[in-house]
Protein chains: 2
Amino acid sequence: MLRLEIENIIKSHGLSVTKSRKKVLKYFLKLNKPLDLKTIRSLVNPIDRVTLFRILSCFEKKGIIHSIRLENGQHLYAICKETCRDGQHSHQHIHFTCESCDDVSCLSIDNFPNLSLTNYKFNNININVSGVCQACIF
Amino acid sequence: MLRLEIENIIKSHGLSVTKSRKKVLKYFLKLNKPLDLKTIRSLVNPIDRVTLFRILSCFEKKGIIHSIRLENGQHLYAICKETCRDGQHSHQHIHFTCESCDDVSCLSIDNFPNLSLTNYKFNNININVSGVCQACIF
DNA sequence: TTAAGTGCAAAATCTTTGCAAATGT
DNA sequence: ACATTTGCAAAGATTTTGCACTTAA
């Protein structure tokens, strides 16, 4: 029941359920991988560019999706798996870019590091890794 | 001998030494912290905006500086401490944003993680942390 | 001298704002 | 019915491109 799940996610984050929002969220759930604006646009066509910006920034603020900013300037969005509180994201996964196929994915790793430094308080840790993915390694 | 160090860095990365490049690099060495475009522009005034873009992207490609892209969209540049090969950056430090004073810095940490995942090859690990810095923690 | 770097104008993108019309509750 | 969301037009901001002029080696 994808439809119900979609509506539930939107509602449970305190947002009203609209056609556009459902459409956008549907693709995040369906594809379950980080998407850039161009890709999202082509999928949800013909939602207005500005509306899409607003939906994404609203989803992000509410903790439904999170932004991924890669060192090369790419800006992607991915669905939050953990329960991200309103405006406060916390992910125990890394963002991985394959240097061979350029695919970007959110990966769970067992040994997610617990960093620390004297006299500093670390709240949020965001890790971007590049390398070679499963599919390309052979 | 800052002047000599500057020229040496530029030369040793295979670039010709120009007034503008020296000026830009000078501030990176002097301030020794991540700088955004606006700050750099105001420091190196009156270097043309486009020229500055080209200098920065050239420095980055050659491994003199690296880009820091924060989750909030901020784009900063910082000098590379380690020897970054041409086009291939590798840093054993984290990028830290203080949630209280908004300062961004490159921090060395002892326990820099050695991540791995079966069937993946991890080449480059980039870590952005937000929290409270030394100065604001008290 | 000549290959590389700079400045300017202008294009291409990306992101935000204001407001009237449409939609959700 | 009322508050929220959407689409459109237009402004701002950021980044890139082309080309003539200048500078470093």
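Each chain gets a letter, A, B and so on, in the order the sequences are listed, and its residues count up from 1. Only heavy atoms go into these numbers, but all of them, side chains included; no hydrogens, no water, no symmetry mates.
- Among the heavy atoms of the strands lying under 4.0 Å from B:R21 are primed sugar atoms or P, OP1, OP2 only; no base atom is included.
- Rounded to whole Å, the distance from NE2 on B:H13 to P on C:dA4 is 19 Å.
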*Determine, stepwise, if the pair B:N123 / B:K121 fulfils side chain to side chain donor-acceptor pair (under 3.5 Å).*
CA-CA 6 Å; B:N123 289 334; B:K121 183 162 181 293; 2.7 Å; yes

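- As judged by a 4.0 angstrom heavy-atom cut-off over every strand, A:S20 is placed among residues touching the sugar-phosphate backbone only.
- The side chain of A:T18 places an N or O atom within less than 4.0 Å of a non-bridging phosphate oxygen (OP1 or OP2) of D:dT6.
- Applying the side-chain contact (heavy atoms from CB on, under 4.5 Å) test between B:C106 and each of B:L76, B:I94, B:I68 identifies B:I68 as the sole match.
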_What verdict does the side chain to side chain contact (heavy atoms under 4.5 Å, CB included) test give for B:N126 and B:H95, after you've listed the backbone C-alpha separation in whole Å, the side-chain angles of each residue and the deciding distance to 0.1 Å?_
CA-CA 8 Å; B:N126 199 291; B:H95 302 135; 3.7 Å; yes

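- Judged by closest nucleotide on DNA chain D, A:I47 is the one of A:I47 and B:R49 placed further toward the 5' end.
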_Pair A:F96-A:N128, side chain to side chain contact (heavy atoms under 4.5 Å, CB included): steps then yes or no_ = CA-CA 6 Å; A:F96 182 84; A:N128 294 342; over 6 Å; no

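- Regarding B:Q74, its CD atom lies at a distance of 16 Å from the P atom of D:dA13, rounded to whole Å.
- The local environment of CG in A:N72 is crowded, with over 12 non-hydrogen atoms from other residues, nucleotides or ligands closer than 6.0 Å.
- Between B:I55 atom CD1 and C:dT6 atom P the separation is 4 Å, expressed in whole Å.
- Straight-line distance from the CZ atom of B:F53 to the P atom of C:dA12: 17 Å, rounded to whole Å.
- The A:K38 side chain lies nearest to C:dC14 when the options are D:dG7, C:dC8, C:dC14.
- In this structure, CG of B:L15 is placed 10 Å from P of C:dT6, rounded to the nearest angstrom.
- As a whole-Å value, the separation of B:F59 CZ from C:dA4 P is 17 Å.
- Mapping B:V17 and B:R69 onto DNA chain D via the closest heavy atom, the residue that lands nearer the 5' end is B:R69.
- When the P atom of C:dT15 is taken as reference, atom CG of B:N72 falls 13 Å away, rounded to whole Å.
- The nearest whole Å value for the distance from the CG atom in A:L37 to the C1' atom in C:dT13 is 11 Å.
- Residue contacts shown for B:S16 are limited to sugar-phosphate atoms, with no base heavy atom under 4.0 Å away.
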